[in-house]
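Some notes on the structure that comes next.
Residue numbers begin at 1 in each chain, while the letters A, B, ... track the order of the sequences. Computed from a predicted structure; not experimentally measured.
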Amino acid sequence: MTSNQTQTVISPSGQYWLMKSEPEAYSWQRLLSEGKTFWEGVRNYQARNNLKQMQVDDLALFYHSVSEKAVVGVCKVTQTAYPDPTDDTGKWVVVDVVPVETLAVPVTLATIKATEALAAIALVRQSRLSVVPLTLAEFELILSMGS
DNA sequence: GCCAACGTTGGC
DNA sequence: GCCAACGTTGGC
């Protein structure tokens with residue numbers, strides 16, 4: 001590790017994600033205070049497939065949906081997909097994540113939509129998908145907008 | 001609170 | 001296997 005910045009911005013697998021949560025259901029502040037969580041409750045096949053592709057140390061933006069509509073932090077995958085303990089059917093999975101950093105300035109959906117370079121972002125194009133992939137460029141741009 | 005988008009379910 | 005009905009999500 002040469003610096004904090006390198007640690008934050010680089011995902012060894014080259015994969016980057018954005019994960020959505022309603023702050024009323026599970027907030028960034030709660031993740032900060034708990035230090036770790038498993039990302040439960042995904043009941044959508046496409047989102048599940050994204051979860052299954054995650055590697056340890058993949059980085060993900062944490063997005064507050066509905067009441068806030070802003071990217072608020074960066075988290076990191078510490079455990080790849082395993083069966084969702086809150087699910088009886090055995091069909092669904094979770095991953096473990098830990099918080100990495102809080103954005104100095106939340107990056108709002110309105111700002112993202114107004115940014116030309118983010119026009120293709122899956123957050124906007126597939127607004128109902130709760131776990132979406134990001135390109136490195138999208139990930140880095142949102143991080144820089146939030147710093 | 002409304003509505004658009006979209007995923008799921010079930011009848012045929 | 002199609003498609004109408006329905007439920008859910010999430011932005012506005």
Linking I/L/V/M/F/W/Y whenever their side-chain heavy atoms sit closer than 4.5 Å, directly or via other members, would A:Phe38 and A:Phe62 fall into one cluster? no

A:Leu129 near the nucleic acid: base, sugar-phosphate alone, or nothing, with a heavy-atom cut-off under 4.0 Å? nothing

Quick one, which residues of residues 43-53 of chain A touch DNA chain B with a heavy atom under 4.0 Å? A:Asn44, A:Tyr45

Show the atom names and distances, to 0.1 Å, of all donor-acceptor pairs under 3.5 Å that link a side chain in residues 122-135 of chain A to residues at least two apart or in another chain.
unit_1, atom_1, unit_2, atom_2, d
A:Gln126, NE2, A:Gln46, OE1, 3.4
A:Thr135, OG1, A:Glu138, N, 3.0
A:Thr135, OG1, A:Glu138, OE1, 3.4

Nucleotides bounding contact with chain A, strand DNA chain B, heavy-atom threshold 4.0 Å: B:dA5 to B:dT8

Atom of A:Leu141, atom of A:Ala117 and distance for their closest heavy-atom approach: CD2-CB, 3.6 Å

Residues 28-54 of chain A vs salt bridge (Lys or Arg N to Asp or Glu O under 4.0 Å), sequence neighbours excluded, gives A:Arg30-A:Glu34, A:Lys36-A:Asp96, A:Arg43-A:Asp84

Ignoring hydrogens and angles, write down the donor-acceptor pairs under 3.5 Å from the side chains of residues 65-73 of chain A, residues two or more places apart or on other chains.
unit_1, atom_1, unit_2, atom_2, d
A:Ser67, OG, A:Glu24, OE1, 3.3
A:Ser67, OG, A:Glu24, OE2, 2.8
A:Glu68, OE1, A:His64, ND1, 2.8

Which value, rounded to the nearest 0.5 Å, describes the distance between A:Asn49 atom CG and A:Asn44 atom CG? 8.5 Å

ILVMFWY cluster, A:Val42 and A:Trp28 together (side-chain gap under 4.5 Å): yes

Sequence neighbours excluded, the answer for ring pair (Phe, Tyr, Trp, His ring centres under 6.0 Å) partners of A:Tyr63 is none

